[in-house]
Amino acid sequence: MSQPHEEPHGFATRAIHAGQAADPATGATIVPIYATSTYTQAAPGDHKGYEYSRSGNPTRTALETCLAELEGGERGLAFASGLAATTAVFQGLLKPGDEVLAAADLYGGTFRLLDKVFKPWGLSTKYTEDPSHEGFAKLITPATKLVWIETPTNPLLQILDIKAIADLAHHHGALFAVDNTFASPYLQQPIRLGADIVVHSTTKYLGGHSDVIGGAVIGPKALLEPVKFYQNAAGGVPGPFDCFLTLRGIKTLALRMDRHSANAAELADWLAVHPQVAKIYYPGLADHPGHAIAARQMKSFGGMISLQLHGGADAARKFLTRTKLFSLAESLGGVESLVNHPATMTHASIPKEVRVARGVDDGLIRLSVGIEDVADLRADLREALG
Ligand SMILES: *Cc1c(COP(=O)(O)O)cnc(C)c1O
């Protein structure tokens, strides 16, 4: 088999075939769900590469190989959740006393993990409110061992310049990790732009059907050796059925992302001029402050839109209970459209003063635009806006 970084095929082809050759034992065209915890050995140590399913499982290997090839990395490691993947990066690559530099607009669960789990463990984290690379440059120090970003960010959809921040981190001897959950590897491949590590909540676009929780870490083999050790030693691995569902989702990632982006772009254009909408955050809009960078580093602008209505929190509360196709639910990236209230749902773990100062107040609404007929989605929003 060719090396992942050689990229013999296009993205959609890799999504369907990478790591997914016919099953060597049976010829099964689709990677089987290897529901086994253990593997029979001919003699002690004489096995076929698998000994115990925490350490390795063929369904998981297929997923890990596919994810590595999609992100253009050498190695992929799958985890039981996005936060298990994030934990493995922090524990595998950092030690107490190290410093992390992150952008302030961050998934609430990642903030909680850094604040409530890793701060007591001895990691200190600095957050930059200014998401430009100058903002990072002001806070980076020799103690900074890891720069951690999302782009587009959650929930304000800020765009961060991956290449500029990669150069800055490396200039200061720090590792650079990108949580690529919001873009998916179809829209953006951070390793090609200089990132050392990519992290995913595969729960979102990669799985794509809101039916499985999972996470992944992708990067160079040597760098990820301690993360792989931690994966086996601590054991936060996904089961084979989870890996199967995620792989099945990935097969249609390219098609789904094109539709998510097209639907969201159309709704964003319409919402931007709607009389009830006070502010809209969508990187595909020409007046979004990160539009030019997004156009450079992303294939298209993704399926996430955030907005503020005239009438603030009260108007938001009404809107959230009125949509019918957009379900009021946490999470994102599935085929179905979701609406979310970050202040009380996904970002409730961030202290109120901190949240509000960042613009994540009770009036903020986040949409995950699905792949339904866009006319139906627009009608649903029109109705809910009243
Ligand atoms: C959901 C999410 C996570 C956490 O992933 P889980 O699979 O829920 O553990 C991390 N980062 C981002 C950007 C997310 O949206």
Side-chain angles (χ1 to χ4, degrees), residues 81-83 85-86 89 100 102-115 125 127-131 147-162 165 177-185 187-188 190 195 198-208 210 213-216 257 260-261 264 268 279-284 288-290 293-294 297-298 301-308 316 326 328-334 337-351 354-370:
S81 71
L83 286 176
T86 303
V89 170
V100 175
D105 197 37
L106 198 63
Y107 175 66
T110 305
F111 176 83
R112 181 177 56 197
L113 184 64
L114 284 165
D115 191 49
T125 305
Y127 299 92
T128 170
E129 297 291 340
D130 171 3
V147 175
W148 178 278
I149 69 161
E150 300 170 12
T151 180
T153 64
N154 183 7
L156 294 176
L157 300 166
Q158 292 170 346
I159 298 295
L160 280 68
D161 188 332
I162 295 173
I165 299 170
V178 177
D179 177 340
N180 202 28
T181 299
F182 264 42
S184 89
L187 298 188
Q188 169 177 286
V198 164
V199 173
H200 276 285
S201 169
T202 59
T203 310
K204 315 295 170 50
Y205 287 109
L206 283 158
S210 304
I213 299 278
M257 292 315 295
H260 282 295
S261 282
K279 190 160 173 50
I280 178 158
Y281 305 86
Y282 184 65
H288 182 286
I293 298 168
Q297 70 188 17
M298 299 176 77
F301 303 101
M304 300 300 297
I305 300 173
S306 290
L307 57 136
Q308 289 273 358
F326 280 83
L328 178 60
E330 304 214 3
S331 201
L332 62 114
S337 292
L338 301 179
V339 59
N340 168 55
H341 189 230
T344 56
M345 296 168 75
T346 47
H347 291 68
S349 52
I350 301 176
V354 178
R355 254 196 308 106
V356 171
R358 287 175 192 163
V360 186
D361 60 25
D362 288 352
L364 189 75
I365 294 165
R366 192 189 76 184
L367 302 176
S368 173
V369 179

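Computed from a predicted structure; not experimentally measured. Numbers here are sequence positions counted from 1.
Remark: Ile213 pairs with Ser81, Thr203 by the side chain to side chain contact (heavy atoms under 4.5 Å, CB included) rule, at least two apart or across chains. Listed by chain and number, the residues in a side-chain hydrogen bond (donor to acceptor under 3.5 Å, both in side chains) with His260 amount to none (sequence neighbours excluded). With sequence neighbours left out, Ser306 forms a side chain to side chain contact (heavy atoms under 4.5 Å, CB included) with Pro155, Leu157, Tyr281, Leu364, Arg366. Not counting sequence neighbours, Glu330 has no partner by the salt bridge (Lys or Arg N to Asp or Glu O under 4.0 Å) test. By the side chain to side chain contact (heavy atoms under 4.5 Å, CB included) test, Pro351 pairs with Phe111, Glu353, Val354, sequence neighbours left out. Taking the side-chain hydrogen bond (donor to acceptor under 3.5 Å, both in side chains) definition, one finds that Asp115 meets it with Lys119, sequence neighbours left out. For the side chain to side chain contact (heavy atoms under 4.5 Å, CB included) test, residues two or more places apart in sequence or in another chain that qualify with Thr125 are Val100, Ala102, Leu114, Tyr127. With sequence neighbours left out, Phe301 forms a ring pair (Phe, Tyr, Trp, His ring centres under 6.0 Å) with His291. Residues passing the side-chain hydrogen bond (donor to acceptor under 3.5 Å, both in side chains) test with Asn340, sequence neighbours excluded: Thr346. Residues satisfying the side-chain hydrogen bond (donor to acceptor under 3.5 Å, both in side chains) criterion with Ser337, sequence neighbours excluded, are Glu372.
Trp148 places none of its side-chain heavy atoms less than 4.5 Å from the side chain of Val178. Two residues are said to be in side-chain contact when any heavy atoms from C-beta on lie closer than 4.5 Å; Asp361 and Arg355 fail this criterion.
The line from NE2 of His200 to CZ of Phe182 is 12.5 Å long, rounded to the nearest 0.5 Å. Atom CE of residue Met298 and atom CG of residue Leu187 lie 5.0 Å apart, to the nearest 0.5 angstrom. To the nearest 0.5 Å, atoms CD (Gln158) and CD (Glu129) are separated by 8.5 Å. Taking CE of Met304 as the reference point, atom CG of Leu367 lies at 7.5 Å (rounded to 0.5 Å). Remark: Asn180 CG to Lys204 NZ distance equals 12.5 Å, nearest 0.5 Å. Here the straight-line distance linking atom CG of Leu156 with atom NE2 of His347 works out to 8.0 Å at 0.5 Å rounding.
The minimum heavy-atom distance between Gly302 and Ser261, with the atom names listed, is N-OG, 2.9 Å.
Judged by distance alone, the side chain of Ser201 and the main-chain N or O of Gly82 form no donor-acceptor pair under 3.5 Å. Ser349 places no side-chain N or O within donor-acceptor distance of the main-chain N or O of Arg112, the cut-off being under 3.5 Å. Looking only at distances, a side-chain donor or acceptor of Glu150 sits under 3.5 Å from a matching main-chain atom of Tyr107. A donor-acceptor pair under 3.5 Å is absent between the side-chain atoms of Ser368 and the main chain of Leu332, judged by distance alone. The main-chain N or O of Gly290 is found under 3.5 Å from a side-chain atom of His288 such that the two form a donor-acceptor pair.
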side-chain contact (heavy atoms from CB on, under 4.5 Å) for Ile350 and Val360? Distances and angles first, verdict last.
CA-CA 10 Å; Ile350 301 176; Val360 186; over 6 Å; no

Please assess Thr181 against Asp179 for the test side chain to side chain donor-acceptor pair (under 3.5 Å), listing each intermediate value before the final yes or no.
CA-CA 6 Å; Thr181 299; Asp179 177 340; 2.6 Å; yes

Steps toward side-chain contact (heavy atoms from CB on, under 4.5 Å) verdict (Met345, Leu328)
CA-CA 10 Å; Met345 296 168 75; Leu328 178 60; 3.9 Å; yes

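Of the candidates Ile159, Asp105, Leu106, Thr153 forms a side chain to side chain contact (heavy atoms under 4.5 Å, CB included) with just one, namely Asp105.
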